[in-house]
Amino acid sequence: MLDKGLMAKDLPLAVTWKDGELFLLDQTQLPLTTVVEKQETAEQVWESIRLLKVRGAPAIGLAGAYGLCVALKEAQNDPLSDFMALMEKQAAYLDSSRPTAVNLGWALRRMVKTAKEANATTSKELYDILVAEAVAIHEEDARLCYTVGEVGLPLIKEGMGILTHCNAGSLAASHMGTATSPMYLAHSQGMKFRVYADETRPLLQGARLTAWELQQAGIDVTLITDNMAAHIMSQGLIDMVIVGTDRVAANGDVANKIGTLGVAILAKHYGIPFYVALPSSTIDHDMPSGEGIPIEEREDYEVTSFGARQTAPEGVKVRNPAFDVTPNELVAGLITEKGIVRAPYTENLKALFGQD
Ligand code: MRU
């Protein structure tokens, strides 16, 4: 019998709401230093999301929802109309911190909708309703992550090699993560398997975060640089790929960390199934295909340096898209809380999740 509470306790928490305050684990300092920062203002939360102190689609959704509460805390004695106006302004502001992951806008829209439908008579009452909604989103995400793990668990077989890219782990969501959730469950059942974690240039989420959290959990994890994936696959060491996603379009196209598309193409070449794990909050039913998904472009220095050290000539032209889109035909299945969705994606996603 799996103990949900026990599993969750052992894993690092990216986002914590405690005694009316928001705390974020500063992931830019991992794996060397574990620093938890209290969030005092909307500007601080915006910057924590922008700088990737908190990152990963579900986790930035949670940070956004709680961030809205942080932004409104001091306005609890304001007239209700002022409180509502501020809420809409701060929700739009927080949503502007990063464009690709749909969970951020999804969580903020849900918060605003809940407030508008609440018929509250005071700002204080509305503030409490918003806090309760943020907590509900958080608890829901934890449940969805766990269920994604249960759905994905049968895909993992004894002795398997699994490749993952970026970090779709506990640090990117609630408790179990998404891509890692089936791995944590398989591990808790005593199953032996190997995980290969792509380093994930330029910001090294695979090396700094995935390798760290899987190692802490006692899972057999091997770190490789991104350009080693083809070789490792060619050696027959990979039986399956599981990654997370920032947004799944209605036709099943998948936006995820830059480099994911390359992994999917390699997997196809070597006949390795490429799976994507996600809670349904990551599906954008209003986005017909991956073509329209906004791809975040980040600062040049992330590419021209390695840590503090400059590794490219001064003034060189740089591109730094943070995400790419994997077309649905490269996806073996979407591991969701309601089951594994396979092609044809448009029909099957609609049948399972309908439209909001
Ligand atoms: O730039 P990041 O670190 O926020 O990118 C994160 C990813 O691409 C994850 O794979 C994705 O958000 C899924 S997290 C469950």
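Start at 1 with the first residue, then count along the sequence. Predicted, not measured: the structure shown is a model, and the values here were computed from it.
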Tell me, which pairs form a side chain to side chain donor-acceptor pair (under 3.5 Å) where one or both residues lie in residues 271-284, sequence neighbours left out?
-> Asn103-Ser281, Asn103-Thr282, Arg247-Asp284, Tyr275-Arg342, Ser280-Glu337
Within 45° cone of Phe323 ring axis and under 6.0 Å: Lys257 NZ or CZ | yes
Does a side-chain heavy-atom distance below 4.5 Å link Ile272 with Val241?
-> yes
Would you say the side-chain atoms of Arg298 pair up with the backbone N or O of Val303, donor to acceptor, closer than 3.5 Å?
-> no
Take atom CD in Glu47; do more than 12 heavy atoms of anything else shown fall under 6.0 Å from it?
-> no
Glu199 and Arg208: CA distance, side-chain angles, deciding distance, salt bridge (charged side-chain N to carboxylate O under 4.0 Å, His left out) verdict = CA-CA 8 Å; Glu199 170 188 50; Arg208 293 186 301 103; over 6 Å; no
Counting only heavy atoms not in Glu347, do more than 12 sit closer than 6.0 Å to its CD atom?
-> yes
Is the backbone N or O of Thr121 less than 3.5 Å from a side-chain atom of Glu125, with the two atoms forming a donor-acceptor pair by type?
-> yes
Do Glu213 and Asn167 come close enough that some side-chain heavy atom pair is under 4.5 Å?
-> yes
Quick one: do Asn320 and Glu296 satisfy side chain to side chain donor-acceptor pair (under 3.5 Å)? Show the steps, please.
-> CA-CA 8 Å; Asn320 188 13; Glu296 177 182 7; over 6 Å; no
Between Thr33 (side chain) and Val35 (backbone), is there a donor-acceptor pair under 3.5 Å?
-> no
Mark yes or no for whether Asn348, through its side chain, and Pro344, through its backbone, hold a donor-acceptor pair below 3.5 Å.
-> yes
Parallel, tilted or perpendicular for Trp17 and Tyr66, by the 30°/60° rule?
-> parallel
Are Leu51 and Leu171 connected in the hydrophobic side-chain network, where two residues link if heavy atoms are under 4.5 Å apart?
-> no
Just do the side chain to side chain donor-acceptor pair (under 3.5 Å) check on Asp198 and Thr200 with the steps written out, would you?
-> CA-CA 5 Å; Asp198 276 351; Thr200 317; 5.7 Å; no
Starting from the C-alpha separation in whole Å, work towards a yes-or-no answer on side chain to side chain contact (heavy atoms under 4.5 Å, CB included) for Val276 and Thr326.
-> CA-CA 10 Å; Val276 181; Thr326 298; over 6 Å; no
Does Ser188 use its side chain to pair, donor to acceptor, with the backbone of Leu185 at less than 3.5 Å?
-> yes
Cluster overlap Leu214 with Leu209, hydrophobic side-chain contacts below 4.5 Å = no
Please work out whether the ring planes of Phe193 and His187 are parallel, tilted or perpendicular, with thresholds of 30° and 60°.
-> perpendicular
CA sep, side-chain torsions, deciding dist, call: Lys73, Glu40, salt bridge (charged side-chain N to carboxylate O under 4.0 Å, His left out) = CA-CA 10 Å; Lys73 193 171 180 179; Glu40 315 261 14; over 6 Å; no
Taking all non-hydrogen atoms of both residues, which atom of Pro202 and which atom of Ile258 are closest, and how far apart?
-> CD-CG2, 4.3 Å
What about Val248 and Val263, same hydrophobic cluster or not, with Ile/Leu/Val/Met/Phe/Trp/Tyr joined at side-chain heavy-atom distances under 4.5 Å?
-> yes
Below 4.5 Å, heavy atoms only, C-beta onward: do Cys166 and Thr210 meet side chain to side chain?
-> no
Main-chain N/O of Gly259 paired with Asp324 side-chain donor or acceptor, under 3.5 Å = yes
State, yes or no, whether a side-chain contact exists between Met87 and Leu68 at a heavy-atom distance under 4.5 Å.
-> yes
Do side-chain atoms of His285 reach the backbone of Gly354 as a donor and acceptor pair under 3.5 angstrom?
-> yes
Just do the salt bridge (charged side-chain N to carboxylate O under 4.0 Å, His left out) check on Lys268 and Glu329 with the steps written out, would you?
-> CA-CA 10 Å; Lys268 173 147 177 102; Glu329 65 264 22; over 6 Å; no
Any chance you could lay out the side chain to side chain contact (heavy atoms under 4.5 Å, CB included) test for Leu62 and Ile137, step after step, and finish with the verdict?
-> CA-CA 7 Å; Leu62 301 179; Ile137 292 173; 3.8 Å; yes
Does a side-chain N-to-carboxylate-O contact under 4.0 Å join Glu117 and Lys113?
-> yes
Electrostatic pair Glu158-Lys192, nearest N-O below 4.0 angstrom = no
Check step by step if side chain to side chain contact (heavy atoms under 4.5 Å, CB included) holds for Met84 and Lys116.
-> CA-CA 8 Å; Met84 291 289 278; Lys116 284 183 173 167; 3.9 Å; yes
Any donor and acceptor pair, going by atom type alone, linking the side chain of Thr100 with main-chain N or O of Pro294 inside 3.5 Å?
-> yes
Asp253 side chain to Gly290 main-chain N or O, any donor-acceptor pair under 3.5 Å?
-> yes
Take Ser48 and Gln39, measure what side chain to side chain donor-acceptor pair (under 3.5 Å) needs, and give me the verdict at the end.
-> CA-CA 9 Å; Ser48 295; Gln39 307 293 299; 2.9 Å; yes
Hydrophobic cluster identity match, Ile156 and Val148, side-chain contacts under 4.5 Å | yes
Any donor-acceptor N/O pair, Thr180 side chain to Met183 backbone, under 3.5 Å = no
Check ion pair Arg110-Glu140 (N to O, under 4.0 angstrom) = yes
For the pair Gln27 and Arg55, evaluate side chain to side chain donor-acceptor pair (under 3.5 Å) and give the outcome as yes or no after the intermediate values.
-> CA-CA 8 Å; Gln27 299 189 30; Arg55 32 68 50 204; 3.2 Å; yes
Shortest non-hydrogen pair, Gly244 vs Ala179, comes out as N-CB, 3.9 Å
Do other residues, nucleotides or ligands put more than 12 heavy atoms under 6.0 Å from Glu74 CD?
-> no
Group every Ile, Leu, Val, Met, Phe, Trp and Tyr by side-chain heavy-atom contacts under 4.5 Å, then state whether Val135 and Leu130 land in the same group.
-> yes
For Leu334 and Val254, run side chain to side chain contact (heavy atoms under 4.5 Å, CB included): C-alpha distance rounded to whole Å, both residues' side-chain angles, the deciding distance at 0.1 Å, then the answer.
-> CA-CA 9 Å; Leu334 300 170; Val254 169; 3.9 Å; yes
